[in-house]
Amino acid sequence: MKVIHVSAECYPAAKVGGLADVVGALPKYQTNLDYESAVIMPYYNNKYAKDAKYTSDFECEVALAENNYKAIVYKVKNSFDDLGFHLYQIKIENLLDRENVYGYQDDTERFIAFQKVVLDWILQFAKAPEIIHCHDHHTGLIPFMLTQCTKYKSMRGIPTIFTIHNAEYQGEFSFEKLSYLPEYDLEFSGILEWDYAINPMAAAIKACWRYTTVSPNYMNELPYSSTGLDWLFDTEREKSVGILNGIDTDVWNASTDTMIAKNYSAKTVEAGKKANKLVLCEKFGLDPNKPLVAFIGRLVYQKGADIMAGIFDRALDANDINGLVLGSGDPHAEFLLNELKEKYPNRYNTFIGYDEELSHLIYAGADFLIMPSRFEPCGLNQLYALRYGTIPVVRTTGGLKDTVKDIGEKGGFGIRHEHVTVDDVALAITRANKLYNDTDEFKRIRKEIMKIDNSWENSAKEYIELYNLISK
Ligand code: ADP
Ligand code: GLC
């Protein structure tokens, strides 16, 4: 194998957000370009693991201070044929093999153990991969361990790429847990350190060969992003490359999607969206004759969750539209969004939870999708929306700025706003409503956006070029 991707999430084995979509698609597109790739991730006790067939590839023990855990690396049978890449999952009994991906008090221990087993597994290969590609902070200690830990000395020449999907989450923990790491020369502890703690995101930036961000604009924003690592991003800038995420057009394809009510293409977009909207509106008690403005996502500060109910309240008050939210997260945001249902019966609804199938139906049935993000490293929702003929209404930030052009500009096809305030977003929704009522222009745009090529093909090539550059 040429590249091994290391990640906490990978669709369809485990998904919390866009990280899973990226790691579940990029390797497939790399394989299609004759660049053999694989993914190694944790084994979680979830539905995928219950249904999957495994063969065991490697067994070892992993120590965290005085505790020893049994670890098994499984290979998912037929993954190469089914997914387009080899998929490996590490089961660490009584530590990593829980139902959820994150959210446990011992997440630090879980992901340190995971990273150690990844390297132990690679160490036993006769022929190691040419590149190790790490994704986000859960894998951020790998570049450090590879370059500094005595145990992995023989693998020091393997280049590492670290991709930042979200610099807000850095996985920092106290130096009290230093003994969890394999032995290294303590003189080099500075590589691990940021703000008196061990910071896996910072350590990865310092120790990797190159780091990438999931959009070019996010790379430019990071030195001013107030993540606490601004200075580091500024000084290490030479090592960074911004590569825009793509989408898996096999999974996200309105003409073949089995999760939506009626398949359609750009040619049949009017009838197709109408049929999906009808089913969606029926399901949620909404009026199919009014424009439907939706939100899908984690209800967190990043996504504007704290003002989401305020946004819909103002927008529904000012416009004759429907609103629909699919998401979960902050309990207060969930409460306010549920409360809004009573104020706007037959015009607004909330679905609290995670539902992959419903998300597809919303991309297909909605007219507009809002993303009032405070920051957005790339954002995939706007790309899925475009592909399903749903016009994105986004804040001008991160990857949203790279992928959505405002209708006020030449060749524009979406709606953008500058600020994350109730007023600004509601005003953007009012512009959306105006566009909806300009029927010919609205129809023209939604046909056009379905044809925009945001597939992984180009970006997968860019990653391979980067691998080739550093492995020479
Ligand atoms: P992030 O990774 O920051 O959450 P992205 O836009 O990159 O944001 O990707 C989010 C992914 O998660 C998309 O595939 C989106 O459809 C999906 N998603 C988010 N929330 C939900 C939900 N509640 N139900 C189903 N899918 C969801
Ligand atoms: C992160 C970001 C999101 C990005 C995704 C996949 O979760 O928040 O913007 O699209 O990773 O790279």
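The figures here come from the full heavy-atom set of this structure, side chains too, leaving out hydrogens, waters and symmetry mates. Whatever order the structure lists them in is the order used to number ligands and atoms, beginning at 1.
Protein heavy atom closest to atom 10 (O) of ligand 2, with residue, atom name and distance, is Gly379 N, 2.8 Å.
Between His360 and Tyr388, the ring planes lie perpendicular to each other; the angle is over 60°, past the 30° to 60° tilted range. Using the six-membered ring where Trp is involved, Tyr463 and Tyr467 have ring planes that are tilted, between 30° and 60° apart.
A heavy-atom distance below 4.5 Å is found between the side chains of Ile370 and Ile429. No side-chain heavy atom of Trp456 sits less than 4.5 Å from a side-chain heavy atom of Gln30.
Taking distance alone, with nitrogen or oxygen atoms compared against 3.5 Å, Val22 stays at or beyond that limit from ligand 2. Considering both main-chain and side-chain atoms, Glu376 comes within under 3.5 Å of ligand 2 through a nitrogen or oxygen pair.
Side chain of Asp248 to main chain of Asp250: a donor-acceptor pair is present (N/O by atom type, distance under 3.5 Å, no hydrogens or angles).
Evaluation of the ring pair (Phe, Tyr, Trp, His ring centres under 6.0 Å) rule for Phe144 yields Tyr184 as partners, not counting sequence neighbours.
The atoms of ligand 2 that sit less than 4.0 Å from any heavy atom of Asn245 are 6 (C), 10 (O), 12 (O). Atoms of ligand 2 found under 4.0 Å from any heavy atom of Val214 (numbered from 1 in listed order, with element): 12 (O). Every atom of ligand 2 with a heavy atom of Leu19 under 4.0 Å away is listed here by number and element: 6 (C). Per-residue contacts place Asn166 under 4.0 angstrom from the following atoms of ligand 2 (heavy atoms of the residue considered): 8 (O).
If you check each of His165, Gln302, His135 against atom 7 (O) of ligand 2, the one with the closest non-hydrogen atom is His165.
Using a 4.0 Å cut-off between a side-chain N of Lys or Arg and a carboxylate O of Asp or Glu, Asp106 and Arg98 qualify as a salt bridge.
Cation-pi check for Arg110 over Tyr104 is not met; the charged atom does not lie both under 6.0 angstrom from the ring centroid and within 45 degrees of its normal.
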Ring pair (Phe, Tyr, Trp, His ring centres under 6.0 Å) between Phe85 and His5, intermediate numbers included: CA-CA 10 Å; Phe85 54 88; His5 292 268; 8.2 Å; no
Trace of the ring pair (Phe, Tyr, Trp, His ring centres under 6.0 Å) decision for Tyr88 with Tyr74: CA-CA 5 Å; Tyr88 297 88; Tyr74 287 114; over 10 Å; no
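A distance limit of 4.0 angstrom between heavy atoms and ligand 1 selects the residues Lys15, Gly17, Gly18, Asp21, Ile296, Gly297, Arg298, Gln302, Lys303, Leu326, Gly327, Gly353, Tyr354, Asp355, Glu356, Ser359, Tyr363, Glu376, Gly379, Leu380, Asn381, Tyr384.
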